[in-house]
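Down below is the structure, laid out as structure tokens.
Just so it is clear, the values below take in all heavy atoms, side chains as well, and ignore hydrogens, waters and symmetry mates. Counting begins at 1 with the first residue of the sequence. Everything quoted here is computed from the prediction, not taken from an experiment.
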Amino acid sequence: MARNEVFWQKKTSNASRVVQSARKVFDQWRVANSNTAASYATGVHSGSNNWTKPMSGKIKINVDGAIFEPQQLFGFGCLARNHTGQLLEAFAESKFGVVLPEIAEIMGMKEALSWIKKKGWEDVIVETDSLIVVQALNSSIHMTSYFGLLVEDCRLILTTLKNVLISFVYRSANKAAHCLARESCSLSGCLFDELNAPSFLKNIVMAEAIS
């Protein structure tokens, strides 16, 4: 692929980038061909394309990552809602680095799981629109890439949590987290609730709560 990019697009890649890309593809192949399951719950959402409220007593967390190539940054957004669709809390974070999209996604997942642990929440559904993250967490294979190391970190945190379900959803069902992640550069380090959340987030949460 790197050779073709040089020939057809005049785009060059250094050796470390090519190795990183090759490891990523190999990891994805191994995950896709693994039938082993982890000890915690993960799943692929097969319902509607829209966000749905969790059952009473449960908390639903949506998380998404974003890449900002011109600024050499990546970020993620995460929010928690209850069974009425009320926004409990949300945060956004950005970090320096030129990374692959799945690194931003798994970093967001790691932060979301750490957040759950810090809050002491139980009976939580975590939704992401990154299928590779859900597949990787559902597999027990060991991956030697940087992505794989972050997957191991997430697995370790999951072993300390109670009743946490990680689920894949479509982008349209992850709209609030997606928009929050896209604004993570300007909102980095901010923590929100339903009173001080930015208007774009309030509007999405309100619309999804009544839908």
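- Across every non-hydrogen atom of A181 and A66, the tightest pair is O-CB, 3.6 Å.
- With a 4.5 Å cut-off on side-chain heavy atoms, R182 and F68 count as touching.
- A search for side-chain contact (heavy atoms from CB on, under 4.5 Å) contacts involving N82 returns T84, Q86, L88, not counting sequence neighbours.
- Side chains of S211 and N50 form no contact here, defined as non-hydrogen atoms less than 4.5 Å apart.
- Interatomic distance, CD of E183 versus CZ of F200, reported as 5.0 Å (0.5 Å rounding).
- A donor-acceptor pair is defined here as one N or O able to donate and one able to accept, closer than 3.5 Å; no such pair exists between the side chain of S188 and the backbone of C185.
- Here the side chain of D153 pairs no donor or acceptor atom with the backbone of L156 at under 3.5 angstrom.
- For the pair V164/L158, a side-chain contact is recorded, criterion being any heavy-atom separation below 4.5 Å from C-beta on.
- In this structure a side-chain-to-backbone donor-acceptor pair under 3.5 Å is missing from K95 to L73.
- If you chain together hydrophobic residues whose side chains sit under 4.5 Å apart, F192 and F76 never meet in one group.
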Could you walk me through whether S114 and I157 satisfy the side-chain contact (heavy atoms from CB on, under 4.5 Å) test, starting with their C-alpha distance in whole Å, then the side-chain angles of each, then the deciding distance to 0.1 Å, before giving a yes or no? CA-CA 7 Å; S114 298; I157 299 172; 3.4 Å; yes
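- Hydrophobic clustering of Ile, Leu, Val, Met, Phe, Trp and Tyr side chains at less than 4.5 Å, counting indirect connections, unites L161 with I106.
- Every ring-ring contact (aromatic ring centres under 6.0 Å, His included) that W115 has, sequence neighbours left out, goes to F91, W121.
- The CG atom of N49 sits 11.0 Å away from atom NZ of K175, with the distance rounded to the nearest 0.5 Å.
- Between H142 atom NE2 and R155 atom CZ the span is 9.0 Å, to the nearest 0.5 Å.
- With no hydrogens or angles considered, a side-chain donor-acceptor pair links W51 and N62 at under 3.5 Å.
- Side-chain atoms of S139 never come within 3.5 Å of backbone atoms of Q135 as a donor-acceptor pair (strictly under, hydrogens ignored).
- We find the OG1-CG distance between T144 and L149 to be 8.0 Å, quoted to the nearest 0.5 Å.
- Between N203 and L201, the closest side-chain pair of non-hydrogen atoms is not below 4.5 Å.
- Residue E152 places its CD atom among more than 12 non-hydrogen atoms of other residues, nucleotides or ligands, all under 6.0 Å distant.
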Show the numbers, then the answer: is there a side-chain contact (heavy atoms from CB on, under 4.5 Å) between I103 and L150? CA-CA 8 Å; I103 297 297; L150 292 170; 4.2 Å; yes
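- The hydrophobic cluster containing M109 also contains L100, counting ILVMFWY residues as joined when their side-chain heavy atoms lie under 4.5 angstrom apart, directly or transitively.
- Under the 4.5 Å side-chain heavy-atom criterion for Ile, Leu, Val, Met, Phe, Trp and Tyr, L87 and L180 are members of the same hydrophobic cluster.
- Judged by distance alone, the side chain of D64 and the main-chain N or O of C179 form no donor-acceptor pair under 3.5 Å.
- Between V205 and G85, the closest heavy-atom pair is CG1-O, 3.4 Å.
- Atoms CG and OG, on L187 and S94 in that order, are 9.0 Å from each other to the nearest 0.5 Å.
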side-chain contact (heavy atoms from CB on, under 4.5 Å) between K58 and V124, intermediate numbers included: CA-CA 6 Å; K58 290 184 177 291; V124 180; over 6 Å; no
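- Here the shortest heavy-atom pairing between A177 and L79 reads N-CD2, 3.5 Å.
- Annotation for S184 and G75: closest pair OG-CA, 3.5 Å, computed over non-hydrogen atoms.
- Closest approach of I67 to A104, counting heavy atoms only: CD1-CB, 3.9 Å.
- When the side-chain contact (heavy atoms from CB on, under 4.5 Å) test is applied to S130, the partners found at least two apart in sequence or on another chain are E105, T128, I132, V133.
- Applying the salt bridge (Lys or Arg N to Asp or Glu O under 4.0 Å) criterion to K60, with sequence neighbours excluded, gives E127.
- Listed by first and then second residue, the salt bridge (charged side-chain N to carboxylate O under 4.0 Å, His left out) pairs that reach into residues 65-94 are R81-E208, E89-K119, sequence neighbours excluded.
- Scored by the side-chain contact (heavy atoms from CB on, under 4.5 Å) test, S56 finds H83 as partners (sequence neighbours excluded).
- Inter-residue side-chain proximity for I125 and I61 is flagged as unmet; no heavy-atom pair is nearer than 4.5 Å.
- By the rule that hydrophobic residues join a cluster once side-chain heavy atoms approach within less than 4.5 Å of another member, L113 and F74 end up as members of one cluster.
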